[in-house]
Protein chains: 2
Amino acid sequence: MRETTLRDVADLAGVSPRTVSNVVNGYARVTDATREKVERAIAQLGYRPNVLARNLATGRSGQIVVVVPYLDTPYFAELLQGIIPAARKLGYNVLVDQTDGDREHEGELIGRGSRRFLFDGMIFSPLGLSQEDLAVRDPDLPLVVLGERVSDGTFDHVGIDDVAASTDAVTHLFSLGRRRIAAIGDQPYPTGEAAQLRTQGFRAAHAAHGRPVDESLIISTARFNRADGATAMAALLDHADPPDAVFCYSDLVASGAIHTLHQRGLRVPEDVAIIGYDDIEDGRYSSPTISTIQPDKKAIAQLAVERLIKRITSTEPVPGVELRAEHRLIARESTLGIS
Amino acid sequence: MRETTLRDVADLAGVSPRTVSNVVNGYARVTDATREKVERAIAQLGYRPNVLARNLATGRSGQIVVVVPYLDTPYFAELLQGIIPAARKLGYNVLVDQTDGDREHEGELIGRGSRRFLFDGMIFSPLGLSQEDLAVRDPDLPLVVLGERVSDGTFDHVGIDDVAASTDAVTHLFSLGRRRIAAIGDQPYPTGEAAQLRTQGFRAAHAAHGRPVDESLIISTARFNRADGATAMAALLDHADPPDAVFCYSDLVASGAIHTLHQRGLRVPEDVAIIGYDDIEDGRYSSPTISTIQPDKKAIAQLAVERLIKRITSTEPVPGVELRAEHRLIARESTLGIS
DNA sequence: CTGAAAGCGCTAACAT
DNA sequence: ATGTTAGCGCTTTCAG
């Protein structure tokens with residue numbers, strides 16, 4: 001049994017497809033009498049428009065896609081809580097796609113792929129793709145990039161000032177009297193730009209305090225997960241001269257690091273102070289609660305959505321801009337102790 | 001400047017659209033010579049198929065949607081880590097939609113909405129929709145429901161045995177010598193079926209141990225979040241005769257409860273033992289690590305995807321089945337203490 | 001205010 | 001193996 005189409009409705013109502021379309025979309029004025037006739041037919045037939053056909057005809061879908069490396073990273077999950085309502089309010093539905101940070105998959109998505117037509121625009125958080133890879137993107141796809149890449153002028157970029165934020169974090173540790181500060185999360189390779197900016201801030205804070213950086217206290221990790229933090233912390237504790245504080249490049253890393261410290265019977269912050277990054281909910285409830293850098297997620301979400309939709313709706317080419325959201329340091333028990 | 005179409009390619013290559021389509025889709029055999037000609041034309045024109053047009057013509061999209069109430073619930077995020085690869089392996093792309101547990105939004109999605117055509121099928125985790133509401137669903141939409149609803153025979157349902165799992169959790173607390181056991185997370189209203197099954201298990205365990213249930217130790221919460229757990233635990237501690245153990249209906253609730261206990265200077269599990277539900281990663285790293293019920297998420301994901309795709313591809317109507325994944329009790333520090 | 005008809009870009013039945 | 005062509009279901013220009 002075939003789906004009922006707009007034409008079926010038109011036939012039953014005794015009007016033309018044009019009129020039915022008008023009624024369905026609230027276009028043009030339609031006589032109340034006609035409208036009612038049509039609506040009755042729609043109800044009777046259980047008609048629903050085929051959104052695919054509509055999209056094909058109009059060339060727009062009303063959907064935007066948010067592409068993230070991992071959906072189980074709380075930072076993204078929390079960011080989406082801002083993005084989704086912001087987009088809905090502006091009449092767009094949000095769908096989410098996970099890439100696993102896979103370079104190829106990411107490339108397909110921003111490239112001139114055929115899925116292009118499914119979405120009016122994309123908010124993209126790259127992981128596997130280097131800055132250069134971004135260049136091969138589809139120039140027709142309205143795009144906003146999240147994170148640490150710099151716009152090439154054809155898309156917008158929104159993030160926070162990672163270097164400054166990282167400097168703040170490490171400065172906080174210095175101000176607490178810590179002197180041997182480690183860093184967990186560096187990624188010294190092309191796609192590790194986010195991590196490298198944080199390392200840069202780590203160094204800047206040392207410089208500002210006239211302290212040399214002990215390179216052996218900078219631990220690289222493949223990702224920013226709990227497991228990475230746990231492993232790296234273990235390595236630091238096996239160091240001949242272990243740190244008295246650690247700057248972790250995410251709250252998940254911090255959570256893993258704290259886990260290892262507890263396993264080894266060490267206290268946080270008495271033995272080792274820990275500060276994270278992202279301000280995920282987890283850190284507000286864990287024991288100890290985790291000091292962190294709090295990016296203004298709502299602002300990031302709002303900016304990203306606004307820019308994207310401006311890009312979608314504008315007929316002129318929109319120049320790409322760099323948008324910077326605020327951040328602040330939130331000091332909690334993992335550095336201050338229990339008050 | 002118009003997008004280049006299949007017809008443009010055909011013209012340039014001097015073949016018919018049919019042949020280009022064949023080449024693009026790897027259909028029928030095409031002479032190597034022709035194929036090459038076509039491919040050259042495609043490259044030269046930068047052609048990409050319009051997936052919308054294709055979907056409209058074929059009536060399928062190759063996409064399935066996973067609908068969850070909240071993306072920032074780790075349980076769903078972790079479940080998706082199983083669903084996405086399973087679906088990709090079978091040739092389907094996965095998109096995720098968040099409903100905020102909103103009844104209306106959920107209803108639209110499973111109802112005969114126009115978005116129906118965007119997806120070949122849906123894996124749906126309802127929250128705002130009651131068992132009855134499910135009945136108004138679009139009968140043509142291949143559907144697999146996750147969680148605690150029971151299939152009406154027109155869709156599949158996959159979950160674990162919540163009553164048994166909850167009984168196990170509470171029995172574990174009894175076996176540790178705890179006598180005053182509380183429960184956090186009941187939801188005594190139509191959409192709280194999941195919660196009610198857990199409460200049922202809570203009661204069953206009491207019955208099995210010949211212990212009466214103290215109704216004042218069953219705390220209802222609106223959701224299963226950390227904040228809910230924290231608030232409920234505070235209420236329990238203000239009880240004239242506080243519990244010595246708590247069964248929390250999610251690990252997030254457990255995390256919140258532990259937070260409150262620590263704030264009040266109480267020890268877990270010495271003063272109060274805590275067990276959660278879901279086995280999210282958080283609980284494996286927190287202090288103390290959280291005892292929990294571990295649903296076999298990989299199995300749930302795999303079953304859901306398999307059934308859905310069977311439903312999508314089958315021409316005959318597929319009878320709805322109830323699928324049950326395994327669960328097991330994982331005892332960690334929050335009940336056993338530090339060993 | 002409504003009708004007729006030409007696409008949107010692709011697939012696939014039918015023909016050769 | 002490839003060409004022809006009629007749709008898929010909707011929107012929208014152009015008439016009336």
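All chains are named by letter (A, B, ...) in the order of the sequence lines, taking the proteins before the strands, and each is independently numbered beginning at 1. Given the structure is predicted, the values throughout are model-derived calculations rather than measurements.
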Please examine the side chains of B:Leu146 and B:Val158, heavy atoms only from C-beta on, and report whether any two atoms are closer than 4.5 Å.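 A side-chain contact under 4.5 Å exists here.
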
Would you indicate whether the side-chain heavy atoms of B:Val305 and B:Ile123 approach each other to under 4.5 Å?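 Sidechains of B:Val305 and B:Ile123: in contact.
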
Please work out if B:Val15 contacts a base, only the sugar-phosphate, or nothing of the nucleic acid, heavy-atom cut-off 4.0 Å.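 Sugar-phosphate only.
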
Hey, is [X] close enough to [Y] for a salt bridge, meaning N to O under 4.0 Å?
X: B:Glu36; Y: B:Arg40; answer: yes
X: B:Arg311; Y: B:Asp156; answer: yes
X: A:Arg116; Y: A:Asp138; answer: yes

Quickly work out the [X] [atom1] to [N] [atom2] distance and round it to whole Å.
X: B:Leu56; N: D:dC10; atom1: CG; atom2: P; result: 9 Å
X: A:Lys37; N: C:dG3; atom1: NZ; atom2: C1'; result: 13 Å
X: A:Asp11; N: D:dC10; atom1: CG; atom2: P; result: 12 Å
X: B:Arg48; N: C:dC10; atom1: CZ; atom2: P; result: 11 Å
X: A:Glu3; N: D:dC10; atom1: CD; atom2: C1'; result: 14 Å
X: B:Arg7; N: C:dC10; atom1: CZ; atom2: C1'; result: 10 Å
X: B:Leu118; N: D:dG9; atom1: CG; atom2: C1'; result: 14 Å

Return the polar atom pairs (N/O with N/O) between nucleotides 11-14 of chain C and the protein under 3.5 Å, or none.
from: C:dT11; atom 1: OP1; to: B:Asn25; atom 2: ND2; distance (Å): 3.1
from: C:dT11; atom 1: OP1; to: B:Arg54; atom 2: NE; distance (Å): 2.8
from: C:dT11; atom 1: OP2; to: B:Ser21; atom 2: OG; distance (Å): 2.9
from: C:dT11; atom 1: OP2; to: B:Asn25; atom 2: ND2; distance (Å): 3.4
from: C:dA12; atom 1: OP2; to: B:Tyr27; atom 2: OH; distance (Å): 3.2
from: C:dA13; atom 1: N6; to: B:Arg18; atom 2: NH1; distance (Å): 2.8
from: C:dC14; atom 1: N4; to: B:Arg18; atom 2: NH1; distance (Å): 3.3

Cation-aromatic face contact B:Arg223/B:Tyr70, 6.0 Å, 45 degrees: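 Yes, cation above the ring, under 6.0 Å and within 45°.
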
Looking at A:Arg103, I want to see if its CZ is surrounded by more than 12 non-hydrogen atoms of other residues, nucleotides or ligands under 6.0 Å.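 No.
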
Can you confirm whether more than 12 heavy atoms, excluding those of B:Arg115, are under 6.0 Å from its CZ atom?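 Yes, because the 6.0 Å sphere around CZ of B:Arg115 holds more than 12 heavy atoms from other groups.
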
Is the phosphate of [N] approached by [X] (side-chain N or O, under 4.0 Å from OP1 or OP2)?
X: B:Ser16; N: D:dG3; result: yes
X: A:Thr31; N: C:dT2; result: yes
X: A:Thr19; N: C:dC1; result: no

So for the helix from C:dC1-D:dG16 to C:dT16-D:dA1, with five pairs setting each end axis, what is the inter-axis angle to 10°?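 The helix from C:dC1-D:dG16 to C:dT16-D:dA1 shows an end-to-end axis angle of 30°.
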
So, taking the atom named CD1 in A:Ile309 and the one named CG in A:Leu90, what distance separates them when rounded to the nearest 0.5 Å?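 Going from CD1 on A:Ile309 over to CG on A:Leu90, the span is 4.0 Å.
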
